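Each remark here refers to the structure printed beneath this line.
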Amino acid sequence: MADCIFCMIANKEIPSNVVYEDDKIIVFHDLEPQAPVHVLIIPKKHIASLDEVQPEDAELLAHILGKVKEIAAMTGMDNGYRLVNNCGEDGMQTVKHLHFHLLGKRSMKWPPG
Ligand code: AMP
Ligand code: ZN
């Protein structure tokens with residue numbers, strides 16, 4: 001989708017620090033890391049948010065979740081991690097392309113802010 005920064009990253013129109021990529025997803029380091037390791041997992045397909053996921057996206061969502069442990073291992077998250085999705089206004093979503101934050105290499109707090 002035009003004017004979507006994460007579509008531009010997926011299409012290599014703007015640079016990112018990629019840690020993993022396949023035909024369905026791309027994973028890159030967040031520009032403003034909130035943990036020693038903070039990567040974003042995004043589908044290459046433009047989906048605006050978790051609210052916009054359709055039944056036909058089930059396989060894609062399963063693929064994303066199934067890759068998490070592999071991405072955690074390859075980025076050194078050997079003692080656990082946190083997977084976060086911010087959705088909509090109350091969720092403080094700022095980029096309107098579905099993404100999951102994967103954070104690790106420090107002890108997290110609960111509840112989140
Ligand atoms: P959210 O607030 O959940 O929508 O998360 C958006 C995330 O995208 C933030 O953590 C930003 O730091 C990150 N971000 C925005 N632009 C870029 C970019 N060009 N490359 C990497 N991360 C980005
Ligand atoms: Zn997009």
Side-chain angles (χ1 to χ4, degrees):
M1 171 177 271
D3 296 334
C4 172
I5 192 165
F6 285 0
C7 281
M8 290 179 200
I9 285 176
N11 294 331
K12 310 284 169 58
E13 289 160 13
I14 60 171
S16 67
N17 190 350
V18 176
V19 299
Y20 174 81
E21 179 175 10
D22 61 29
D23 57 327
K24 296 186 183 71
I25 66 172
I26 185 163
V27 183
F28 52 95
H29 286 279
D30 197 294
L31 265 188
E32 294 181 46
Q34 303 301 317
V37 181
H38 180 178
V39 298
L40 299 172
I41 307 171
I42 72 166
K44 290 185 170 177
K45 175 185 177 184
H46 181 86
I47 301 172
S49 78
L50 209 50
D51 256 358
E52 303 300 324
V53 166
Q54 302 300 319
E56 61 265 28
D57 299 318
E59 198 181 317
L60 175 59
L61 269 289
H63 180 72
I64 290 172
L65 289 179
K67 281 289 169 191
V68 167
K69 65 179 179 186
E70 207 179 299
I71 296 158
M74 72 175 64
T75 55
M77 298 180 191
D78 49 11
N79 196 39
Y81 48 80
R82 182 169 288 174
L83 184 69
V84 173
N85 173 258
N86 297 326
C87 183
E89 204 176 319
D90 278 0
M92 296 289 286
Q93 182 181 0
T94 60
V95 178
K96 309 298 191 245
H97 178 128
L98 179 65
H99 54 280
F100 295 89
H101 299 255
L102 182 62
L103 304 115
K105 300 297 278 180
R106 72 166 166 82
S107 183
M108 303 294 157
K109 292 184 169 50
W110 193 263

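Atom set for the values below is all heavy atoms of this structure, side chains included, hydrogens, waters and symmetry mates excluded. Keep in mind that this is a model prediction, so the values were computed, not measured. Order of appearance sets the numbers: ligands from 1, and atoms from 1 within every ligand.
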Is [X] salt-bridged to [Y], going by a charged N under 4.0 Å from an acidic O?
X	Y	result
Glu21	Lys12	yes
Asp57	Lys45	yes
Lys44	Asp22	no

* Leu31 CG to Ser16 OG distance, which is reported to the nearest 0.5 Å ->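 Rounded to the nearest 0.5 Å, the CG-OG separation comes to 9.0 Å.
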
* **Degrees at the Zn ion (ligand 2) between the SG atom of Cys7 and the ND1 atom of His97, nearest 10°** =>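 If I round to 10°, I get 110°.
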
* Determine which of the N, O or S atoms in His46 is closest to the Zn ion (ligand 2) and give its atom name. =>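 Checking each N, O and S atom of His46, the shortest distance to the Zn ion (ligand 2) belongs to ND1.
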
* Asked: At the 4.0 Å heavy-atom cut-off, does His99 count as touching ligand 1?
  ->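 Flag set, His99 near ligand 1.
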
At less than 4.0 angstrom from any non-hydrogen atom of [X], what atoms of ligand 1 do you find?
X	value
Ile9	18 (C), 19 (N), 20 (N)
Glu32	12 (O)
Gln93	4 (O)
His29	21 (C)
Thr94	1 (P), 2 (O), 4 (O), 5 (O), 6 (C)
His101	1 (P), 3 (O), 5 (O), 7 (C), 10 (O)
Leu40	8 (O), 13 (C), 22 (N)
Met92	2 (O)

Without swapping roles, check the side chain of [X] against the backbone of [Y] for a donor-acceptor pair under 3.5 Å.
X	Y	answer
Glu13	Met8	no
Arg82	Lys109	yes
His99	Ser49	no

* Going by heavy-atom distance to atom 20 (N) of ligand 1, choose the closest among Val84, Leu31, Asn85, Ile14. =>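 Ranked by closest heavy atom to atom 20 (N) of ligand 1, first place is Leu31.
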
* Take His38 and His29 through the test side-chain hydrogen bond (donor to acceptor under 3.5 Å, both in side chains) and record every step on the way to the result. => CA-CA 6 Å; His38 180 178; His29 286 279; over 6 Å; no

* Give a yes or no on this: more than 12 heavy atoms of other residues, nucleotides or ligands lie within 6.0 Å of atom CE of Met74. =>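 Buried by this count: over 12 neighbours within 6.0 Å.
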
* To do: Kindly check if the number of other-residue, nucleotide or ligand heavy atoms within 6.0 Å of CD (Glu56) is above 12?
  =>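 For Glu56, atom CD is crowded (more than 12 foreign heavy atoms under 6.0 Å).
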
* Asked: Using heavy atoms and a threshold below 4.0 Å, how should the contact between Phe6 and ligand 1 be classified: side chain, backbone, both, or neither?
  ->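 The answer is the side chain of Phe6.
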
* Asked: Does any N/O atom on Asp30 come nearer than 3.5 Å to any N/O atom on ligand 1?
  ->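 For ligand 1, there is an N or O atom that lies under 3.5 Å from one belonging to Asp30.
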
* **Val95, any N or O under 3.5 Å of ligand 1 N or O** =>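 N/O-N/O distance below 3.5 Å exists for this pair.
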
